[in-house]
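The structure appears below as structure tokens.
Naming convention: chains lettered A, B, ... in sequence-line order (proteins, then strands); numbering from 1 in each chain.
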Number of protein chains: 2
Amino acid sequence: MAPIKVHGSAYSTATMRVIAALNEKGLDFDLVPVDMRTGEHKKEPFISLNPFGQVPAFEDGDLKLFESRAITNYIAKQYANQGTDLVYTDPKEQAIESLWAEVEAHHFDPAGSKLNWELAVKPRMFGSETDQAVVEENEAKLAKVLDVYEKRLSESKYLGGDRFTLADLHHLPTAEYLLLTSVKKLFDARPRVSAWLADITARPAWAQVIALRNQALGQSN
Amino acid sequence: MAPIKVHGSAYSTATMRVIAALNEKGLDFDLVPVDMRTGEHKKEPFISLNPFGQVPAFEDGDLKLFESRAITNYIAKQYANQGTDLVYTDPKEQAIESLWAEVEAHHFDPAGSKLNWELAVKPRMFGSETDQAVVEENEAKLAKVLDVYEKRLSESKYLGGDRFTLADLHHLPTAEYLLLTSVKKLFDARPRVSAWLADITARPAWAQVIALRNQALGQSN
């Protein structure tokens, strides 16, 4: 049994974010499935791991964590000397990377997650109707975020600096789902954003996340 | 002129968060006022510092940052050897601190900021009416967050560990405003949360933030 356990769902964006970081580091782990459709994440034993009832929860030996972005930061720092280097250590370089990681969390993700919910989760998983007003409002918000990214990526190869870091990785799950929806047009309209997404979604560590997700989605159909 | 510049407003919660970290480190800085009532934060020259048009923006020599939590992390790490130690360096201790900092950003702040907007900003600054449905919804959300904190604070003196860190500090501005509203009852009903808030709001570095805020509010009346 691997010392690292991820309690979650291979098709949840926050779980995928954590698995992407583990794969970049080449770390072995056990995925302990949490069935969100039956509400397992809102009951014991899961809520003893995360009192907010959200996947994923994470264990590494006796360390227990939740909040996907805290977990990826832990993985990057605890396993600094193996696999892909996902953070900077110089405080100024780290500050720039951290700034763009905050932009993901506070600008990209709120709009992106609402669009993913309306355009993918509601119609495909629950057979319920998309709210077009919510879609329009959040497409406008996301477009503004992507304009900022287009400019940033004209100055820097990756969002966080000259190499791939957590600031990029954190975008992968939601972006991957949005590329399968009408929101793809917002990415396609911006050449630098498109090239950046093509680059980061082509990473072998990410292909493994998608394979695991597709397997889980196949099982759930 | 100090090498550190904070472009913002002394009564904005995000600006107060950054100034609290600077004060804990005993760092000198210039506060460059941005008048949000006239929309200065949505125009040049400010939007060259933060393309999202939100205060604060930050400069330390030639380093330019925005996003208050990225800025406080930079201050804590770049000035690690002076003033209050605001972070952990051991990856496991840091992970726990980072987890609770994420909880502030993704659970406490969304509910707390909406309550602050409805109960303090709207009636006091704009003379507009509080939306009671929004208040009820977010009081229920905040109550759940504070229940988690009450349990956490029975196991640990501070949220992030055995000493005051950024995980606590980030709560200060919104909590301080909420203590002046009817939301105070949610804090008062939880003895460990109340004691924690009494402790962290009594810090001399925080008293300086409040003095600066009160001066700014006085000038704006």
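- When heavy atoms are compared at a cutoff of 4.5 Å, Leu65(A) approaches chain B by way of both its backbone and its side chain.
- Looking only at side-chain heavy atoms (C-beta outward), Ile71(A) and Leu99(B) stay at 4.5 Å or farther from each other.
- Going from atom CD of Gln54(B) over to atom NE2 of His106(A) covers 9.5 Å, rounded to the nearest 0.5 Å.
- Summarising the geometry, atom OG belonging to Ser98(B) is positioned 11.0 Å from atom CZ belonging to Arg69(A); distances are rounded to the nearest 0.5 Å.
- Atoms NZ and CG, on Lys77(B) and Asp90(A) in that order, are 12.0 Å from each other to the nearest 0.5 Å.
- The environment of Lys92(A) atom NZ is dense: over 12 non-hydrogen atoms of other residues, nucleotides or ligands sit within 6.0 angstrom.
- The environment of CG in Asp35(B) is crowded: more than 12 heavy-atom neighbours from other residues, nucleotides or ligands sit within 6.0 Å.
- Among Gln94(B), Lys151(B), His107(B), Lys144(B), the residue with the largest count of heavy-atom pairs under 4.5 Å with chain A is His107(B).
- Ala105(B) touches chain A through backbone and side chain together, each having a heavy atom under 4.5 Å away.
- Between chain A and the options Asn73(B), Ile96(B), Asp60(B), heavy-atom pairs under 4.5 Å are most frequent for Ile96(B).
- Annotation for Glu129(A): atom CD does not count as buried by contact number, only 12 or fewer foreign heavy atoms lying within 6.0 Å.
- By the neighbour-count criterion of 12 heavy atoms within 6.0 Å, atom NZ of Lys42(A) is densely surrounded, having more than that number from other residues, nucleotides or ligands.
- With a 4.5 Å cut-off on non-hydrogen atoms, Asp147(A) does not touch chain B at all.
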